[in-house]
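Only one structure is covered here, and it is reproduced in the block below.
Start at 1 with the first residue, then count along the sequence. No experiment lies behind these values; they were computed from the predicted model shown.
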Amino acid sequence: MLNKLRSLFSTGADDADVAAMPTARLPEGQRVYAVGDIHGRLDLFEQLLQRIEEDDARRGTADTTLILLGDLVDRGPESRGVVDRAIALLQTGKVRVLAGNHEEMLLTSMESDEALRHFLRHGGKETLFSYGLDPAEYSRSTLPELRERMNALVPAEHIAFFRAMEDRIVVGDYLFVHAGIRPEVPVEQQTTSDLRWIRREFLDHVQWHGHMIVHGHTITDEPEAMPNRIGIDTGAYASGRLTALGVEADEYWFVSAVIIPDPTAAGE
């Protein structure tokens, strides 16, 4: 599925607006795969990495970069495993990682009880369990006690990894971010808060941003290909579907990993 996919989606823009938007391109010889919000689903991440590797090989030689769009942690069961895998991938030199709002919440939770309260309500409990916190200890602990345990359980290597994450990545005519951008604000003036948290103002904007924006953060059942942005958060932690976008020259396509829970196993 290539650029013509854009015409299959309702944009809210009129025909003149769409016609005026340029076709985004990558520099010749480059190929990029961007992976949406993983949220602790190591099983899906491993499957998707394999499918990306196979897809990359089929397409022939290129300078290929893998970009993770953030929200590696929370909600799903294996946040620590996902982070370990991402750190290992960084050693190849062909992987870049964006910070999502959930990585931000994790870091602020290590310094603030109120931030920790918010973090736990949005999937942080599962993250702490993945780092070895016993559920019984979680149940009987106060917020200060949990914050102390969190600081003890999360390895320094992981903290350094979170702090080194990028906020935006530009490759050719594509801008990769976690959540989106503030419309009509130059890229270099975008705030960290908007890049990690923005939603409606960005999603509702139908004009060209100066780049094709590739983002996660907002869950949709299918990848959302619009004339000015492409959203690829398909809710992996709940849906069992993790999506990647592949880009080369003036074409793009999607690669997915899908693991649907067996409903007959729910009572086992």
Q) In terms of hydrophobic clusters joined by side-chain contacts under 4.5 Å, are L242 and V83 together? A)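 Yes: a chain of side-chain contacts under 4.5 Å links L242 to V83.
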Q) According to a 4.5 Å side-chain heavy-atom criterion applied to Ile, Leu, Val, Met, Phe, Trp and Tyr, with indirect links allowed, do L175 and Y252 form part of one hydrophobic cluster? A)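 In one cluster: no.
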(Q) In this structure, is the centre-to-centre distance between the rings of H215 and H178 below 6.0 Å? (A)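 No, the ring centres sit 6.0 Å or more apart.
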(Q) Tell me which one of V32, V35, V97 satisfies side chain to side chain contact (heavy atoms under 4.5 Å, CB included) with L66. (A)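 Among the candidates, only V35 passes.
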Q. For atom CD of E137, is the number of surrounding heavy atoms from other residues, nucleotides or ligands below 6.0 Å larger than 12?
A.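 Result for CD/E137: enclosed.
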Q) Step by step, would you call Y33 with V95 a side-chain contact (heavy atoms from CB on, under 4.5 Å)? A) CA-CA 10 Å; Y33 292 92; V95 178; over 6 Å; no
Once you round to the nearest 0.5 Å, how far does [atom1] of [X] lie from [atom2] of [Y]?
| X | Y | atom1 | atom2 | value |
| --- | --- | --- | --- | --- |
| M165 | L107 | CE | CG | 8.5 Å |
| R85 | L68 | CZ | CG | 10.5 Å |
| E248 | R59 | CD | CZ | 7.5 Å |
| L128 | L106 | CG | CG | 7.5 Å |

Q) Do E46 and Q50 pass the side chain to side chain donor-acceptor pair (under 3.5 Å) test, and can you show the C-alpha distance, the side-chain angles, and the key distance before you say yes or no? A) CA-CA 6 Å; E46 292 287 9; Q50 180 62 38; over 6 Å; no
Q) Are D56 and T64 close enough that a side-chain donor and a side-chain acceptor fall under 3.5 Å? A)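 A pair is found: one side chain offers a donor N or O, the other an acceptor, under 3.5 Å apart.
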(Q) Between D74 and T127, do the side chains contain a donor N or O and an acceptor N or O under 3.5 Å apart? (A)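 Yes, because at least one side-chain N or O of T127 sits under 3.5 Å from a partner of the opposite role on D74.
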Q: Please write out which residues are connected to Y237 in a hydrophobic cluster, directly or through intermediates, given that two of Ile, Leu, Val, Met, Phe, Trp, Tyr count as joined at side-chain heavy-atom separations below 4.5 angstrom.
A: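 Members besides Y237, by chain and number: I219.
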Q) Given the rule in the side chain to side chain donor-acceptor pair (under 3.5 Å) test, do T234 and R241 qualify, once you have shown the distances and angles that lead to the verdict? A) CA-CA 6 Å; T234 47; R241 180 179 183 182; 4.7 Å; no
Q) On the ring face of W208, is R229 found with NZ or CZ under 6.0 Å from the centre and within 45° of the axis? A)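 That pair does not qualify as a cation-pi contact.
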Q. Parallel, tilted or perpendicular for Y174 and F176, by the 30°/60° rule?
A.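 Y174 vs F176 ring planes: parallel.
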Would you mind writing out the side-chain donor-acceptor pairs for residues 116-125 within the sub-3.5 Å range, not counting sequence neighbours?
residue, atom, partner, partner atom, Å
R117, NE, E114, OE1, 3.3
H122, ND1, H118, O, 2.8

Q.
So L90 and T92, do their side chains get closer than 4.5 Å, heavy atoms only?
A.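 Sidechains of L90 and T92: no contact.
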Q: Could you walk me through whether W197 and E104 pass the side chain to side chain donor-acceptor pair (under 3.5 Å) test, one step at a time?
A: CA-CA 10 Å; W197 292 88; E104 178 182 300; 3.0 Å; yes
